[in-house]
Amino acid sequence: MKVKPFRALRPAAGYAEKIAALPYDVMSSDEAREMAKGNPLSFLRIDKAEIDLDKSVNIYDDSVYAKARENLLALKSSDKMRQDKKDCYYVWRLTMDGRAQTGIVACASVDDYLQGAVKKHELTRADKEADRIRHLDTIDAQVGPIFLAHRPNAALSALAKNWTEKHDADFSFVAGGAKQEGWTIDDDETIAKMAACLASLDALYIADGHHRCASAAKVAEKRRLANPGHSGNEEYDYFLAVAFPSDELCIFDYNRVVKDLNGLSEKEFLEKVGAHFDVEKAAGAVKPASRREFGLLLKSGWHRLRAKPGAWNESDPVESLDVSILQSMLLAPILGIDDPRTNKRIDFVGGIRGLGELERRVGSDMAAAFSMFPTSMEELMNISDAGKLMPPKSTWFEPKLLCGLFIHDLAD
């Protein structure tokens with residue numbers, strides 16, 4: 001693995017909390033306008049630059065990408081940002097509900113991604129890729145870090161722990177539901193040790209950020225073709241990433257809501273569900289406690305479902321996922337939702353929003369909701385190792401990685 005230090009463009013002392021913002025894809029434009037209101041430094045003005053334009057402007061209009069570039073250049077040239085003088089690694093610790101995850105901020109190799117050492121577990125959508133390609137190519141910087149995981153490495157974790165215990169944090173504040181702390185590793189000996197640890201990793205796994213990663217690779221390929229002097233070590237040959245040990249990460253449930261019962265009454269629907277699931281009426285909200293258990297909320301109330309064994313291949317890491325079992329045994333055959341990536345009758349709700357959000361949706365615009373048991377990190381890595389892909393919306397990671405704290409400047 002090649003995971004190199006870099007000269008991060010980052011907030012000057014005292015400005016990290018004002019600049020940092022949630023990633024572009026977890027909110028609507030209207031929500032972003034509200035979040036950035038009264039804060040001219042908000043990174044949403046770069047990541048979702050349409051908020052600085054009239055609402056009539058299409059979010060994919062050329063003017064949106066041009067505005068993002070204009071806003072980044074203005075921020076970059078101000079005294080609110082600084083760029084390190086030498087290549088460094090950075091430590092980023094996020095603490096949520098008493099659980100800490102400590103990652104190394106660095107630049108990972110596009111070639112490692114293209115050759116499969118940086119492993120993916122889901123498909124990407126062409127329209128979302130196109131948007132991030134234009135954004136990256138126009139602003140000439142990577143601003144959304146790719147969330148990577150690696151199997152635990154004691155030496156790497158010890159280096160990060162030792163550094164954070166002996167040095168003051170560059171920033172420390174609470175945002176995105178988590179305490180955010182960051183350190184700069186600028187000691188040459190420690191940098192060399194960290195580079196060796198990172199190089200020794202067998203693989204890196206994309207936890208979140210498949211579209212940003214694919215877009216970075218495609219921008220790199222485009223620029224390689226346009227550069228007759230390409231050496232293979234240009235800044236565009238790397239992408240901004242944060243690598244966390246897998247045993248510190250938490251995957252939340254990713255729940256489903258469905259608009260209708262495909263022409264069935266609740267009684268008819270439950271009878272069909274009973275072919276492959278044990279169905280039990282529940283007194284209250286159902287939060288699955290183990291694999292193969294699902295909560296089902298209808299207008300009439302909650303039910304607990306338990307998948308009957310034998311209808312799936314337990315040795316297949318994809319078929320044996322709970323999201324696959326629900327899809328193949330219920331959503332497709334009974335509700336007619338053949339492709340959850342494109343079908344407009346299904347929507348997805350991150351588990352961070354709680355079961356109350358499922359009850360709200362069924363009480364308003366949906367006919368049914370399914371609460372899920374979370375996919376595990378081990379399942380994710382096993383699927384990636386097998387070269388297979390998860391069904392869409394299989395994982396929801398929290399806390400989300402903020403944007404604006406570390407920027408990889410391709411013009412560096």
Just wondering, do [Y] and [X] contact through their side chains at under 4.5 Å, heavy atoms?
| X | Y | answer |
| --- | --- | --- |
| Pro399 | Gln101 | yes |
| Arg223 | Leu410 | yes |
| Pro392 | Leu123 | no |
| Lys48 | Ser29 | yes |
| Val219 | Gln142 | no |
| Pro374 | Phe252 | no |

Could you tell me the separation between the [atom1] atom of [X] and the [atom2] atom of [Y], rounded to the nearest 0.5 Å?
| X | Y | atom1 | atom2 | value |
| --- | --- | --- | --- | --- |
| Gln83 | Arg7 | CD | CZ | 4.0 Å |
| Glu248 | Arg99 | CD | CZ | 9.0 Å |
| Asn262 | Leu335 | CG | CG | 6.0 Å |
| Ile251 | Ser394 | CD1 | OG | 9.5 Å |
| Asp140 | Glu235 | CG | CD | 10.5 Å |
| Ser28 | Glu50 | OG | CD | 9.0 Å |

Kindly say whether [Y] contributes a backbone atom to a donor-acceptor pair with the side chain of [X] at under 3.5 angstrom?
| X | Y | result |
| --- | --- | --- |
| Arg224 | His230 | no |
| Ser320 | Asp316 | yes |
| Glu293 | Phe373 | no |
| Asp237 | Glu234 | yes |
| Tyr113 | Phe239 | no |
| Glu17 | Phe173 | no |
| Arg93 | Lys179 | no |
| Asn162 | Ala158 | no |
| Ser200 | Cys197 | yes |
| Arg69 | Thr138 | yes |

Inset, instruction - Evaluate the criterion side-chain hydrogen bond (donor to acceptor under 3.5 Å, both in side chains) for residue pair Asn227 and Tyr236; output intermediate values, then yes/no. - result: CA-CA 11 Å; Asn227 180 9; Tyr236 56 69; 3.0 Å; yes
Can you find a side-chain donor-acceptor pair between [X] and [Y] that sits under 3.5 Å?
| X | Y | answer |
| --- | --- | --- |
| Tyr60 | Asp127 | no |
| Gln180 | Trp92 | yes |
| Ser246 | Arg151 | no |
| Ser63 | Asp61 | yes |
| Lys2 | Tyr238 | yes |

Over 60° means perpendicular and under 30° means parallel, so tell me whether [X] and [Y] are parallel, tilted or perpendicular.
| X | Y | result |
| --- | --- | --- |
| Trp163 | His167 | parallel |
| His408 | Phe6 | perpendicular |
| Phe277 | Phe294 | perpendicular |

Should the heavy atoms of other residues, nucleotides or ligands under 6.0 Å from [atom1] of [X] be counted, would the total exceed 12?
| X | atom1 | value |
| --- | --- | --- |
| Asn313 | CG | yes |
| Lys400 | NZ | yes |
| Lys308 | NZ | yes |
| Asp168 | CG | no |
| Lys80 | NZ | yes |
| Lys37 | NZ | no |
| Lys4 | NZ | yes |
| Lys299 | NZ | yes |

Does a side-chain N-to-carboxylate-O contact under 4.0 Å join [X] and [Y]?
| X | Y | value |
| --- | --- | --- |
| Asp30 | Arg33 | yes |
| Lys259 | Asp347 | no |
| Arg292 | Glu314 | yes |

Inset, instruction - Applying ring-ring contact (aromatic ring centres under 6.0 Å, His included), run through Phe147 and Phe244 and close with a yes or a no. - result: CA-CA 8 Å; Phe147 186 160; Phe244 295 93; 5.2 Å; yes
Inset, instruction - Taking the six-membered ring for Trp and the single ring otherwise, decide whether the centroids of Trp396 and Tyr254 are under 6.0 Å apart. - result: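 Trp396 vs Tyr254: aromatic centres under 6.0 Å.
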Legend entry - salt bridge (Lys or Arg N to Asp or Glu O under 4.0 Å) between Arg132 and Asp47, intermediate numbers included: CA-CA 10 Å; Arg132 287 301 97 180; Asp47 227 10; 3.3 Å; yes
Inset, instruction - Take Ser56 and Asp54, measure what side-chain hydrogen bond (donor to acceptor under 3.5 Å, both in side chains) needs, and give me the verdict at the end. - result: CA-CA 5 Å; Ser56 63; Asp54 190 87; 2.6 Å; yes
Inset, instruction - Under the side-chain hydrogen bond (donor to acceptor under 3.5 Å, both in side chains) rule, what do Trp183 and Glu181 come out as? Steps first, then yes or no, please. - result: CA-CA 7 Å; Trp183 292 261; Glu181 300 171 279; over 6 Å; no
Legend entry - Closest contact, heavy atoms only, Leu355 versus Val286: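 Where Leu355 meets Val286 most closely, the heavy atoms are CD1-O, 3.6 Å.
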Legend entry - Distance-minimising heavy-atom pair for Ala217 and Leu114: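 Closest heavy-atom pair between Ala217 and Leu114: CB-CD2, 4.1 Å.
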Legend entry - Full working for side chain to side chain contact (heavy atoms under 4.5 Å, CB included) between Lys161 and Thr102: CA-CA 9 Å; Lys161 183 174 185 291; Thr102 303; over 6 Å; no
Inset, instruction - Evaluate the criterion side chain to side chain contact (heavy atoms under 4.5 Å, CB included) for residue pair Glu34 and Met27; output intermediate values, then yes/no. - result: CA-CA 10 Å; Glu34 190 62 29; Met27 72 198 77; over 6 Å; no
Legend entry - Among Asp186, Thr184, Asp84, Asp170, the one residue meeting side chain to side chain donor-acceptor pair (under 3.5 Å) with Tyr90: Asp84
Inset, instruction - Only one of Arg212, Lys218, Arg134 passes salt bridge (charged side-chain N to carboxylate O under 4.0 Å, His left out) with Glu129; say which it is. - result: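 Between Glu129 and the candidates, salt bridge (charged side-chain N to carboxylate O under 4.0 Å, His left out) is satisfied uniquely by Lys218.
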Legend entry - Residue that, paired with Pro145, satisfies side-chain contact (heavy atoms from CB on, under 4.5 Å) out of Leu405, Asp208, Ile407, Val242: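 Running side-chain contact (heavy atoms from CB on, under 4.5 Å) over Leu405, Asp208, Ile407, Val242 with Pro145 returns exactly one hit, Val242.
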